[in-house]
Amino acid sequence: MAKLDNSPPRGTRDMLPDEVSRRELLIGRLVSAYEVFGFRRIETPALEDISRLSSGEGGENEKLVYKVLKRGLDPVVDTGTSPDDLVDLGLRFDLTVPLTRFYANNQAQLPAPFRAMQIGPVWRAERPQRGRFRQFTQCDIDTLGEPGVLAEAELLEATLSALASAGVEPVEARVNDRRLLAAIATACGVGAGRRSSFLVTLDKLDKIGWPGVKAELVERDFGAAVAEETERVVTLLASAVDAGDMLARAADLVPGVADEVLGGLASTADALERLQQDPDGPSGFSYAVDPTIVRGLGYYTGQIFELRHPKAAGSVAGGGRYDGLVGRSLGRQVPACGISIGFERIVDLAEMAPPELGVAVVYDRADELGATLSAARRIRAAGRRATLVPKRSNLRAQLDGLSREGFTSFVVLEGGEAGEERALRSARPSGG
RNA sequence: GUGGCCGUAGCUCAGCUGGUUAGAGCGCCAGGUUGUGGCCCUGGAGGUCGGGGGUUCAAGUCCCCUCGGUCACCCCA
């Protein structure tokens, strides 16, 4: 038989036992942290109707959907058939779109406001890179039915507290508002039709700086005047000494922005300030109102968030308000807001104790099987974890290996009878 | 989806300008010493050099395609 390539599909990964232990432990921390705020865990299917994944609300991500062919297709496809007619399902590319369907479907049984938590895999047909996979896990919390910025402030607090409980520090939270961005675009002379193209470029400021942003704006045919005005307005906004100052400047520099928008950002910033001062709150985070963060997804309508960690590739969490999305499924507008943690981007930063495997029961293959099994069973009956391992010729080396694996003690069976249980001296690499 | 770099044992890597049966360390297995521990000694298994095609008397080494990783773009958790 020919040897096949055993690596998993591109951008997906196998998970070893130690990794799974670590991930489970981290999920437990996040779930506990979120439950304290009243978020209830739900689950939705990996598959959704393709039309729901292609509504245009998912922005760029919709181009990355894995599509599923209809069952029972004729093996020979005539050339006149459009590819779209062959597909009826797709793998979800985030947890938010499925959540809005879930809400519309189960609304009668859900409280208002409803606080949802979802943890599960999503798929995007991207080119993989460090911190970017084709299958990855998102940890979402969302509040549906709360129009006020209490939702925003609470979601940020819950996320910061969840990250802190996992030892993921320091985290920098940035907050902005889609409506402020729209007003900035207008103030700089950009028409509504070209707004998103403008914002995509502005979003790159921290990466390519003003020379890069201005060059790209000119390249995209916005003209030198728009480019200069953008630099002037945004620089003045960004050079504010604090959130309050920035918002005061915005009222002046960006005349089109509604007071409600600036007031909302002020409330969120104030809530984060008070959280930071509170000895009961999470520490190890900073925050800023940043008029240049954009976020790609098309469905955001209000405040948007981005959380970063210095060692993580890209952002560690992101989200925002999407008041229009539930209405697409329900036919009635329901305000909604959510944040998603990128699990793969924090799992290596989290401080998790290595798994403890309990007692290694070292047996001799020559001994009677029944006696061996019952010796291990007695240990388990005492509420402990016991794993049978066959004795190797070099016991010294074996014990060392068992310790590295994560066993904390061992007993050697002789004639099926357990000897004295002894602790394994730690041979684990430090920092485990 | 576009472009750059990379791909040799389970892991980390060596293999000069193409030239006999492709190497090391660690790990693994068996044994010795030990006799319920980190040392030491001996032996062993394990590679169609990511896969396919081509150039050549000869390819791990050169060319093309493909798969995978990585970086940049795009975008994003």
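Heavy atoms only: backbone and side chains are in, while hydrogens, waters and symmetry mates are out. We name chains A, B, ... by the order of the sequence lines, and we start the count at 1 in each one.
- Counting non-hydrogen atoms under 4.0 angstrom, G314(A) reaches nothing in the nucleic acid.
- In this model, a side-chain donor or acceptor of R345(A) finds a partner on the base of C76(B) within 3.5 Å.
- At a cut-off of 3.5 angstrom, counting only N and O atoms as typed in the model, there is no donor on one side facing an acceptor on the other between the side-chain of R392(A) and the base of G31(B).
- Residue E273(A) places its CD atom among more than 12 non-hydrogen atoms of other residues, nucleotides or ligands, all under 6.0 Å distant.
- Toward the 5′ end of RNA chain B lies the nearest nucleotide of G419(A), the other residue of the pair G419(A) and T12(A) mapping further downstream.
- Q398(A) comes within 4.0 angstrom of nothing in the nucleic acid, heavy atoms only.
- Only the C1' atoms considered, A9(B) is 11 Å distant from G27(B), to the nearest whole Å.
- Residue-to-nucleotide contacts include a donor-acceptor pair under 3.5 Å from the side chain of R132(A) to the base of C75(B).
- Straight-line distance from the CD1 atom of I208(A) to the C1' atom of C74(B): 13 Å, rounded to whole Å.
- Remark: C1' of C26(B) and CZ of R404(A) are 10 Å apart, rounded to the nearest angstrom.
- Atoms CZ (R134(A)) and P (U70(B)) sit 11 Å apart, rounded to a whole Å.
- Using a 4.0 Å heavy-atom cutoff across all strands shown, A423(A) reaches at least one base atom of the nucleic acid.
- Residue-level contact check: V316(A) touches the backbone only, with heavy atoms under 4.0 Å from sugar-phosphate atoms and none from bases.
- Closest to the E414(A) side chain, of the nucleotides U70(B), C75(B), U36(B), is U36(B).
- Each of G37(B), G69(B), C71(B) was ranked by its minimum atom distance to the side chain of R10(A); first place goes to G69(B).
- Listed nucleotides: G3(B), G37(B), C75(B). Nearest to the side chain of R127(A): G3(B).
- Look at CD1 on I304(A): it is 15 Å from P on C75(B), rounded to the nearest Å.
- Under the Watson-Crick or G-U wobble criterion, with both distances below 3.5 Å, G3(B) is paired with C71(B).
- For K207(A), no side-chain nitrogen or oxygen approaches OP1 or OP2 of A72(B) to under 4.0 Å.
- Base pairing annotation: G37(B) forms no Watson-Crick or G-U wobble pair, as no partner gives both donor-acceptor distances under 3.5 Å.
- Nucleotides C74(B) and G4(B), compared at atom C1', are 16 Å apart to the nearest Å.
- Here G27(B) presents its C1' atom at 15 Å from CG of L16(A), a figure rounded to the nearest Å.
- With both ends at atom C1', the span from G52(B) to C11(B) equals 27 Å, rounded to whole Å.
- For D206(A), the salt bridge (charged side-chain N to carboxylate O under 4.0 Å, His left out) criterion is met by R308(A), not counting sequence neighbours.
- Taking a 6.0 Å sphere around NZ of K311(A), one finds it holds 12 or fewer heavy atoms contributed by other residues, nucleotides or ligands.
- Taking the P atoms as reference points, C62(B) lies 10 Å from C16(B), given to the whole Å.
- A sub-4.0 Å separation between OP1 or OP2 of C71(B) and a side-chain N or O of R130(A) is present.
- When both distances must be under 3.5 Å, the Watson-Crick or G-U wobble mate of U55(B) does not exist.
- Across every strand in view, A24(B) sits in a pair with U12(B) that passes the Watson-Crick or G-U test at under 3.5 angstrom.
- Checking F136(A) against P128(A), the closest nucleotide of RNA chain B that is more toward the 5' end is the one next to P128(A).
- The C1' atoms of G10(B) and G46(B) are separated by 9 Å, rounded to the nearest whole Å.
- The side-chain tip of R115(A) does not point at the ring of F37(A) from less than 6.0 angstrom away and within 45° of straight on.
- Across all their heavy atoms, L202(A) and P291(A) have their closest contact at CD2-O, 4.3 Å.
- Look at CG on L424(A): it is 10 Å from C1' on U36(B), rounded to the nearest Å.
- The separation of G15(B) from G54(B), taken at their P atoms, amounts to 29 Å, rounded to a whole angstrom.
- Taking the C1' atom of each, G60(B) and G23(B) are spaced 12 Å apart, rounded to whole Å.
- Aromatic ring pairs are classed by plane angle as parallel below 30°, tilted from 30° to 60° and perpendicular above 60°; the pair F39(A) and Y34(A) is perpendicular.
- For the OP1/OP2 pair of A72(B) and a distance below 4.0 Å, the side-chain nitrogens and oxygens of Q129(A) include at least one atom meeting the criterion.
- Rounded to whole Å, the distance from CZ on F93(A) to P on C74(B) is 21 Å.
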In sequence, state the C-alpha distance, the side-chain angles, and the governing distance for R404(A) and D400(A), and then conclude on salt bridge (charged side-chain N to carboxylate O under 4.0 Å, His left out). CA-CA 6 Å; R404(A) 263 196 306 274; D400(A) 202 31; 3.2 Å; yes
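- Rounded to the nearest Å, the gap between the C1' atom of U12(B) and that of U55(B) is 34 Å.
- Across all strands, F343(A) comes closer than 4.0 Å to no nucleic acid atom at all (heavy-atom distances).
- Comparing A72(B), U36(B), C75(B) by their closest approach to the side chain of V412(A) singles out U36(B).
- Listed by chain and residue number, Y299(A) satisfy the ring pair (Phe, Tyr, Trp, His ring centres under 6.0 Å) test with Y322(A) (two or more places apart in sequence, or in another chain).
- Rounded to whole angstrom, the span from the OH atom of Y66(A) across to the P atom of G1(B) amounts to 9 Å.
- Nucleic acid contact class of V200(A) (heavy atoms, under 4.0 Å, all strands): sugar-phosphate only.
- If you check every strand for non-hydrogen atoms under 4.0 Å, G11(A) touches sugar and phosphate atoms only.
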